[in-house]
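Beneath this line is the structure, given in structure tokens, with notes to follow.
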Amino acid sequence: MEKKRRIFYDVLLISVLLCLSLCLLLVTFLTKRSGELVCVEVNGEAVAEYRLSEDGEYSLNGGTNLLKIENGEAYLTYADCPDKTCVKTGRIRYVGQSIVCLPNKVTVVVRGSGSGGVDLVS
């Protein structure tokens, strides 16, 4: 009898945790907002802002990285760093998403129109 009770509580705990995880995932998915700006930081200092609505290619940090904005998405097409993790990150378009190139100390962050609001993660 004790073993059946323990199994019941284990299944109950797993079910509750699974439901909470799915709820959190649903809230995160439903509250995503498309960004309007891409903020570029080098060494922690903001050096440029570009609109996601305007397509273009921009040289960052003296040519160490190449940022491309296309169809409302931003991504790095070139980096002279050895691992190219920033290029492999892919396209970003939602508020809070970022691309980081640690060797070149470049960060690209998507911001919204009212980026001073409350963050869901906070």
Side-chain angles (χ1 to χ4, degrees):
M1 186 68 176
E2 181 66 30
K3 187 174 182 176
K4 285 185 179 184
R5 181 182 294 173
R6 192 178 316 178
I7 291 173
F8 172 75
Y9 286 127
D10 287 346
V11 170
L12 181 66
L13 177 66
I14 291 170
S15 299
V16 168
L17 291 175
L18 185 62
C19 286
L20 286 174
S21 299
L22 290 175
C23 288
L24 183 61
L25 184 65
L26 185 65
V27 166
T28 303
F29 180 74
L30 292 177
T31 58
K32 274 199 271 189
R33 293 181 304 140
S34 291
E36 293 182 14
L37 297 171
V38 172
C39 181
V40 178
E41 299 175 359
V42 177
N43 284 330
E45 293 182 32
V47 294
E49 281 189 350
Y50 304 107
R51 296 187 107 12
L52 283 172
S53 58
E54 299 171 8
D55 293 352
E57 282 190 276
Y58 308 98
S59 178
L60 306 178
N61 198 20
T64 61
N65 297 80
L66 185 62
L67 174 71
K68 186 167 186 175
I69 298 176
E70 183 177 65
N71 300 324
E73 297 176 327
Y75 57 99
L76 292 179
T77 58
Y78 170 78
D80 68 354
C81 56
D83 59 2
K84 308 273 191 269
T85 302
C86 52
V87 176
K88 295 174 189 172
T89 299
R91 299 168 184 251
I92 58 174
R93 68 176 177 197
Y94 296 112
V95 174
Q97 285 184 314
S98 63
I99 299 173
V100 178
C101 183
L102 288 177
N104 295 328
K105 300 178 182 170
V106 174
T107 306
V108 180
V109 181
V110 177
R111 306 271 162 110
S113 59
S115 291
V118 176
D119 187 4
L120 181 65
V121 178
S122 304

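We number each residue from 1, following the sequence as shown.
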Between Asn104 and Asn65, is a side chain to side chain donor-acceptor pair (under 3.5 Å) present by the stated rule, with each step listed? CA-CA 8 Å; Asn104 295 328; Asn65 297 80; 3.1 Å; yes

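Hydrophobic clustering, with ILVMFWY side chains joined whenever heavy atoms are under 4.5 angstrom apart, groups Val108 together with Tyr58. If you chain together hydrophobic residues whose side chains sit under 4.5 Å apart, Val47 and Leu67 fall into the same group. Under the 4.5 Å side-chain heavy-atom criterion for grouping Ile, Leu, Val, Met, Phe, Trp and Tyr, Leu76 is connected to Leu52 within one hydrophobic cluster. Using a 4.5 Å cut-off between side-chain heavy atoms of Ile, Leu, Val, Met, Phe, Trp and Tyr, with links allowed through other members, Val109 and Val38 fall into different hydrophobic clusters.
When Val106, Leu66, Val42 are each tested for a side-chain contact (heavy atoms from CB on, under 4.5 Å) with Leu60, only one passes: Val106. Partner Leu20 forms a side-chain contact (heavy atoms from CB on, under 4.5 Å) with one of Leu18, Val16, Leu22 and no other, that one being Val16.
Listed here is the closest heavy atom pair of Val110 and Gly35: CG1-CA, 3.5 Å. Nearest heavy atoms, Ile69 versus Glu54: CG2-O, 3.5 Å. When all heavy atoms are compared, the tightest approach of Arg51 to Leu37 is NH1-CD2, 3.1 Å. In terms of heavy-atom proximity, Arg111 sits nearest to Cys39 at CG-CB, 4.2 Å. Heavy-atom minimum distance, Val40 versus Tyr50: CG2-CE1, 3.9 Å. For Ser59 against Gly63, the heavy-atom pair with the smallest separation is OG-CA, 3.2 Å.
With rounding to the nearest 0.5 Å, the separation of CD in Glu73 from CG in Asp55 is 10.5 Å. In this structure, NZ on Lys105 lies 11.5 Å from OG1 on Thr64, to the nearest 0.5 angstrom. In this structure, CD1 in Ile7 is found 11.0 Å from CD in Glu2, a value given to the nearest 0.5 Å. A distance of 9.5 Å separates CD in Glu41 from CD in Glu49, rounded to the nearest 0.5 Å.
With contacts defined as side-chain heavy-atom distances shorter than 4.5 Å, the pair Tyr75/Glu70 qualifies. Looking at heavy atoms from C-beta onward, Ile99 lies out of side-chain contact with Cys101 at the 4.5 angstrom threshold. Lys4 is not listed as a side-chain neighbour of Phe8, based on a closest heavy-atom distance of 4.5 Å or more.
In the displayed structure, Lys32 atom NZ is contacted under 6.0 Å by more than 12 heavy atoms of other residues, nucleotides or ligands.
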